[in-house]
Number of protein chains: 2
Amino acid sequence: MSDLFPKKGHDHDRCVHSALAQAEKVCDAENARFTDMRRKVFTLIWQSHKAVTAYELLDALTAEGQRVQPPTVYRALEFLTELGLVHRIESLNAYFGCDRPDCEHLGQYFICTDCGRVAEAVNEEMSNAVRKAAIGVGFTIQATTVEIKGLCHDCATH
Amino acid sequence: MSDLFPKKGHDHDRCVHSALAQAEKVCDAENARFTDMRRKVFTLIWQSHKAVTAYELLDALTAEGQRVQPPTVYRALEFLTELGLVHRIESLNAYFGCDRPDCEHLGQYFICTDCGRVAEAVNEEMSNAVRKAAIGVGFTIQATTVEIKGLCHDCATH
DNA sequence: CAGAAAATGATATATTATAACACTTCATCA
DNA sequence: TGATGAAGTGTTATAATATATCATTTTCTG
Ligand SMILES: [Zn+2]
Ligand SMILES: [Zn+2]
Ligand SMILES: [Zn+2]
Ligand SMILES: [Zn+2]
């Protein structure tokens, strides 16, 4: 069994650090500005491996002393999702940080209903099955979302 | 290529009629009451093969002379979705009628971004791929949603 | 028919998201 | 370097989606 969800007690600061570094790189490559606000929102999203709602981010910013309004958060989220640094989980109305922003995004997510963590899958077999199903019915794919809810290995076994 | 979306100019009254008959049967089998309000909401959802929002239903009911409040619509939707007569499309916050309420629901949907129609797929290969991916990462599935957006065959070729 | 359960009505409010316009910051180039 | 336009953020208002709570009505059961 491959590791999809990070191990308990992993060095999460390292996740955040690495995510920030990758984000810098992506922004740089895209000539996009990784402004203070965007960095703050991005960092807040990366506080955990859970998906976080726009208003949770708003509250967190307020708690930090920043008094921002919804549009500010939604603009940052729009920027980050368009660059693929953050993904939106439709069934949760929530956002979480992509840990491989440089890879192709297949839109496949495992969502643990117990611990709340989200993990992105990159599974060719699923993509192929979707593609094949589409061809079979004459459908031209623009975007696909696969949201799989259940129990992560940790939660299922503890 | 198999037909997934109904043909243009098909006899939609027949879709509605058949859907109502199936719904009656399901409710009967489940000892669930297919009340006037539930039937009205169900019928409104079946006015097209598109997904429809709760507030569109509310407006339609109002236009019919019924002055109902949001909870009334949401209750009907909850009832119908729990019985599998209606499905919720997460990425649209909208609901559409299941045309095979007696089959297993795999949660696979094709959504045409041009004409707005939704079609439910029942594709074992996709399900198997999802199941296999989950096993591969030690994930216990509770529910899966596959929402595929793009162009239906009609819209792609016209 | 009485009493309990289920469904709906009604009011209020919570949650999620966007429109519109003003102001500030930043990149660019004359 | 400083005018200029584009990009980003602030601010206010409001739209769109969804639920909590309690009152009333309808239906079922005995
Ligand atoms: Zn981590
Ligand atoms: Zn978990
Ligand atoms: Zn039809
Ligand atoms: Zn179409």
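Values below: all heavy atoms of this structure, side chains included; hydrogens, waters and symmetry mates excluded. Residue numbers start from 1 in every chain, and the chains themselves are labelled A, B, ... in the order their sequence lines are given, proteins ahead of strands.
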Under the criterion side-chain contact (heavy atoms from CB on, under 4.5 Å), I'd like the reasoning laid out for L80(A) against F34(A): C-alpha separation, chi angles, the key distance, then a yes or no.
CA-CA 9 Å; L80(A) 295 169; F34(A) 200 42; 4.2 Å; yes

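- At the phosphate of dT8(C), OP1 or OP2 sits under 4.0 Å from a side-chain N or O atom of R38(B).
- Contact annotation: Y74(A) side-chain N/O to dA17(C) OP1/OP2 distance is under 4.0 Å.
- Of all the residues in residues 78-96 of chain B, R88(B), N93(B), Y95(B) reach under 4.0 Å from DNA chain D with at least one non-hydrogen atom.
- Distance L58(B) CG to dA18(D) P: 12 Å, rounded to the nearest Å.
- Taking atom NZ on K40(B) and atom P on dT8(C), their separation rounds to 10 Å, with Å as the unit.
- In this structure, M37(A) places its CE atom 15 Å from C1' of dA7(D), rounding to the nearest Å.
- Where P70(A) and P70(B) meet DNA chain C, the nucleotide closest to each residue was compared, and P70(B) sits on the side nearer the 5' end.
- Nucleotide dC23(C) holds its C1' atom 15 Å from the CD atom of Q69(A), rounded to whole Å.
- Residue contacts for R33(B): at a heavy-atom cut-off of 4.0 Å it reaches the sugar-phosphate backbone alone, with no base atom in range.
- Here dA18(D) presents its P atom at 9 Å from CG of L77(B), a figure rounded to the nearest Å.
- Between the CZ atom of R67(A) and the C1' atom of dT11(D) there is a distance of 12 Å, given to the nearest Å.
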Determine whether V41(A) and R75(A) satisfy the following criterion, side-chain contact (heavy atoms from CB on, under 4.5 Å), listing intermediate values before the conclusion.
CA-CA 10 Å; V41(A) 169; R75(A) 282 171 190 145; over 6 Å; no

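- Put simply, CG on L57(B) is 11 Å from P on dA18(D), counting in whole angstrom units.
- Taking 4.0 angstrom as the limit, T72(A) places a side-chain polar atom (N or O) nearer than this to OP1 or OP2 of dG10(D).
- For the pair P71(A) and V68(B), both in contact range of DNA chain C, the more 5′-proximal nearest nucleotide belongs to V68(B).
- Without hydrogens or angle criteria, H17(B) side chain to D13(B) main chain gives no donor-acceptor distance under 3.5 Å.
- Relative orientation of the H87(A) and Y109(A) rings is tilted, given thresholds of 30° and 60° on the angle between their planes.
- Atom OH of Y55(A) and atom P of dT13(C) are 18 Å apart (whole Å).
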Give the intermediate values and the outcome of side-chain contact (heavy atoms from CB on, under 4.5 Å) for residues Q108(B) and S127(B).
CA-CA 9 Å; Q108(B) 305 167 344; S127(B) 302; 3.1 Å; yes

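- A donor-acceptor contact shorter than 3.5 Å links the side chain of E147(B) to the backbone of E90(B).
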Quick one: do S91(B) and I111(B) satisfy side-chain contact (heavy atoms from CB on, under 4.5 Å)? Show the steps, please.
CA-CA 10 Å; S91(B) 61; I111(B) 303 157; 4.1 Å; yes

